[in-house]
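Inspection log for the structure reproduced underneath, given as structure tokens.
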Amino acid sequence: MTTFLDALRDLLARLSEGDTDDTFHDDWTRLLNTLVGETRADASTLMVMDQDALRPVAVLGLPDDVRGRPFRLQEHPRLAAIAAHPSICRFPPDSDLPDPFDGLLDEDLSQVHDCLGVALRDGDRLLGLLTLDALTVQGLSSLDEDQLLAAARLLGTCLRVAEQLSTTRRQLSEALEDDQGKAPLQHWHSPPMSRLMNALSLVAPTDMNVLLHGETGVGKEAVARALHARSQRHHGPLVQVNCAALPEHLIESELFGHRRGAFSGAMSERRGHFAMADGGTLMLDEVGELPLALQPKLLRVLQEGEIQPLGSERTIRVDVRIIAVTNRDLASEVDAGRFREDLYHRLNAFPLTVPPLRERPEDISLLAGHFLEDNRIRLGVANLRLDAHAMAALTAWQWPGNVRELEHTLARAALRALGEQRAIHSAARHQTILRLSPHHLALPNQPTEAMPVFGETASTPPDATTSEALNLPLREATDNFQRRLIQAHLAANADNWAATARGLNIDPGNLHRVARRLGLKD
């Protein structure tokens with residue numbers, strides 16, 4: 001218990017300081033390790049409530065992308081049962097309730113056989129869950145339930161205290177995503193995104209105009225929504241207008257409005273986007289596409305705080321904050337004479353740059369988990385996961401299309417994987433576990449043809465290792481393979497466990513647990 005209290009103290013200290021750097025999740029993992037490290041659990045999670053879903057903040061024995069997946073109680077009956085239970089909730093081995101982690105465990109391809117969990121509460125309010133899974137029947141029978149329940153109650157109380165801190169609330173419960181399911185900003189732990197979010201938190205409460213720059217597909221729209229949500233104007237409207245999508249002859253009317261009869265076809269009065277955003281925020285997407293002739297009128301609005309609808313002799317005062325979004329280098333556009341310098345400086349009061357995905361590979365697994373869960377729901381399957389080679393392929397790719405390319409790549413891959421299992425009837429999909437391999441991803445320089453699966457005839461004869469595995473039970477053959485693979489990486493890395501974990505693309509804590517189970521460590 002002392003180790004748990006030390007880990008909890010350190011975590012709360014970080015929470016109270018509002019740390020948001022890339023090592024934050026290590027404190028959650030250390031805390032989870034102190035809770036379950038002495039048990040025989042093959043997988044465990046620590047989840048916190050984030051609006052209507054549980055989000056894992058630490059996982060052991062599960063792929064890292066699980067931390068990017070939302071788990072909604074209405075979609076996962078086992079988690080709902082744990083949330084409703086007043087104490088330790090144990091499931092019998094023959095429970096017919098689907099386990100949310102079936103098919104996701106790193107160490108085995110079989111289903112979970114022993115499962116329990118405990119809710120983290122503040123009175124009657126659910127703050128989170130702690131779950132433990134084992135691959136063997138009665139694998140968790142020796143667990144000290146009283147000690148686990150006491151730790152869960154203490155952790156629930158601490159989460160309630162932490163939740164009262166605004167910076168902590170951002171870490172635990174602020175889901176910055178729109179209703180269309182865009183990738184939320186909490187799916188990151190890379191240093192570049194940490195620096196961006198720190199700058200965003202600094203400027204958001206002010207009324208300064210922001211120039212938001214970034215490549216196509218990096219998530220600029222999500223950052224703009226985050227700016228509005230954290231501003232003093234969050235109760236006002238957020239109006240978004242794509243300057244590149246407006247016909248040039250209608251841009252002025254769209255922005256500033258018009259009176260009836262102001263021009264041919266103006267059959268009724270129209271409010272412009274500035275008037276609609278009064279008291280809130282106006283996001284000018286692709287602002288670099290504004291015609292040069294219209295830019296002085298936009299500059300006048302920013303200077304005077306007034307608009308003049310077309311056909312009107314009167315001006316109207318508006319109180320609007322501007323977030324200008326572009327993937328162009330506006331400074332170069334100014335030098336080329338395509339953008340007014342005075343307008344550029346008005347918009348560039350506080351510049352923010354969203355880093356491309358290739359500069360933050362640490363975020364790929366969390367984003368992948370989010371998109372995999374979206375596709376799991378869309379396809380109606382029990383689970384959808386990446387094998388180790390697919391995860392390595394995602395990490396190695398440069399992602400010129402950034403987050404949007406990752407989203408579409410995983411959607412196509414999930415559909416291909418489902419298509420390979422044509423024999424699956426619609427009624428049986430909810431029991432199907434799909435595993436994505438590199439050939440499903442179809443990334444450049446990756447194989448696109450379906451790889452032979454176990455039992456199929458391959459173009460080359462099996463080697464001695466494969467022949468030996470054919471005569472062993474699945475669990476034993478899998479253990480032998482993992483043991484040889486870990487030993488090979490250890491030898492290549494001079495017995496350095498941290499380097500071995502990086503080479504295997506596995507969390508160091510998970511590697512040590514696997515190694516102990518396989519007899520490679522005491």
Next item on the list: Quick one: closest heavy-atom pair of A226 and L200, and the distance?
Entry: CB-CD1, 4.0 Å
Note to self: What verdict does the side-chain contact (heavy atoms from CB on, under 4.5 Å) test give for L410 and L441, after you've listed the backbone C-alpha separation in whole Å, the side-chain angles of each residue and the deciding distance to 0.1 Å?
What the structure shows: CA-CA 7 Å; L410 291 174; L441 300 175; 4.0 Å; yes
Margin query: Just so I know, are the side chains of V223 and M197 near enough to count as touching, which here means a heavy-atom distance under 4.5 Å?
Written below: no
Item checked: Any side-chain heavy-atom pair of L386 and P63 under 4.5 Å -> no
Check: Is there side-chain contact between W399 and P361, with heavy atoms separated by less than 4.5 Å?
Finding: no
Note to self: If I take atom CD from residue E405 and atom CG from residue L357, how far apart are they, to the nearest 0.5 angstrom?
What the structure shows: 8.5 Å
Note to self: Donor-acceptor pair, distance only, cut-off 3.5 Å: does the side chain of D144 make one with the backbone of D146?
What the structure shows: yes
Next item on the list: Determine, stepwise, if the pair E373 / R376 fulfils salt bridge (Lys or Arg N to Asp or Glu O under 4.0 Å).
Entry: CA-CA 5 Å; E373 182 64 12; R376 182 196 70 80; 2.9 Å; yes
Check: If only atom types and distance count, is the side chain of W28 paired as donor or acceptor with the main-chain N or O of P56 below 3.5 Å?
Finding: no
Note to self: If we ignore hydrogens and angles and just use 3.5 Å, is the side chain of K220 paired with the main-chain N or O of G214 as donor and acceptor?
What the structure shows: yes
Next item on the list: Heavy atoms only: give me the nearest L367-V403 pair and the separation to one decimal.
Entry: CD1-CG2, 4.1 Å
Next item on the list: Mind running side-chain contact (heavy atoms from CB on, under 4.5 Å) on T216 and N402 for me, showing each step along the way?
Entry: CA-CA 7 Å; T216 298; N402 293 293; 5.7 Å; no
Checklist line | W497 CH2 to I486 CD1 distance, which is reported to the nearest 0.5 Å | finding: 6.5 Å
Check: Looking only at atom types and distance, does a side-chain atom of D42 sit under 3.5 Å from a main-chain N or O of L135, one as donor and one as acceptor?
Finding: yes
Note to self: Could you measure the distance from the CG atom of L148 to the CG atom of L140? Nearest 0.5 Å is fine.
What the structure shows: 10.0 Å
Notebook entry, point to check: Which pairs pass ring pair (Phe, Tyr, Trp, His ring centres under 6.0 Å) with one or both residues in residues 62-81, sequence neighbours excluded?
Noted result: F71-H76, F71-F101
Notebook entry, point to check: Can you tell me how far CG of L372 sits from CD1 of I377, rounded to the nearest 0.5 angstrom?
Noted result: 11.5 Å
Next item on the list: Carefully, step by step, assess N198 and R195 under the rule side-chain hydrogen bond (donor to acceptor under 3.5 Å, both in side chains).
Entry: CA-CA 5 Å; N198 287 336; R195 291 190 289 270; over 6 Å; no
Check: Measuring from M49:CE to R121:CZ, what's the distance to the nearest 0.5 Å?
Finding: 12.0 Å
Note to self: Restricting to non-hydrogen atoms, name the atom on H234 and the atom on A229 that form the minimum distance, rounded to 0.1 Å.
What the structure shows: CB-O, 3.4 Å
Margin query: Has D122 got a side-chain atom pairing as donor or acceptor with G156's backbone, closer than 3.5 angstrom?
Written below: no
Notebook entry, point to check: Which one of D64, T395, D65 satisfies the side-chain hydrogen bond (donor to acceptor under 3.5 Å, both in side chains) criterion with S365?
Noted result: D64
Note to self: When you compare the side chains of N33 and R30, does any donor N or O come within less than 3.5 Å of an acceptor on the partner?
What the structure shows: no
Notebook entry, point to check: With a 4.5 Å heavy-atom cut-off, do N383 and R69 have their side chains touching?
Noted result: yes
Next item on the list: Determine, stepwise, if the pair V118 / L132 fulfils side-chain contact (heavy atoms from CB on, under 4.5 Å).
Entry: CA-CA 9 Å; V118 58; L132 291 86; over 6 Å; no
Note to self: H440 and side-chain hydrogen bond (donor to acceptor under 3.5 Å, both in side chains): which single residue from R435, R416, E420 fits?
What the structure shows: E420
Margin query: Closer than 3.5 angstrom, by distance alone: can the side chain of S95 be matched with the main-chain N or O of P92 as a donor-acceptor pair?
Written below: no
Next item on the list: Determine, step by step, whether L155 and L46 satisfy the side-chain contact (heavy atoms from CB on, under 4.5 Å) criterion, reporting the C-alpha distance in whole Å, the side-chain angles of both residues, the deciding distance to 0.1 Å, and the verdict.
Entry: CA-CA 11 Å; L155 182 54; L46 176 58; 3.7 Å; yes
Check: Under 4.5 Å between any side-chain heavy atoms of D133 and L62, yes or no?
Finding: no
Margin query: For the backbone of A53 and the side chain of D50, can you confirm whether one donor and one acceptor N or O come within less than 3.5 Å of each other?
Written below: no
Checklist line | N375 side chain near L434 side chain, heavy-atom distance below 4.5 Å | finding: no
Next item on the list: Taking all heavy atoms of L129 and all of A119, pick out the closest pair and write down the distance.
Entry: CD2-CA, 3.6 Å
Notebook entry, point to check: Hey, does L32 have a side-chain heavy atom less than 4.5 Å from the side chain of L130?
Noted result: yes
Item checked: side-chain hydrogen bond (donor to acceptor under 3.5 Å, both in side chains) partners for S44, two or more places apart -> none
Note to self: Is there a side-chain contact between R230 and S201 in this structure, where contact means two heavy atoms from C-beta onward sitting under 4.5 Å apart?
What the structure shows: yes
Next item on the list: Can you see which heavy atom on P192 is nearest to which on P355, and at what distance?
Entry: CB-CG, 3.8 Å
Item checked: Closest non-hydrogen atom pair between V36 and T39, with its separation -> O-OG1, 2.7 Å
Next item on the list: Nearest 0.5 Å please: distance from the OG1 atom of T131 over to the CG atom of D99.
Entry: 8.0 Å
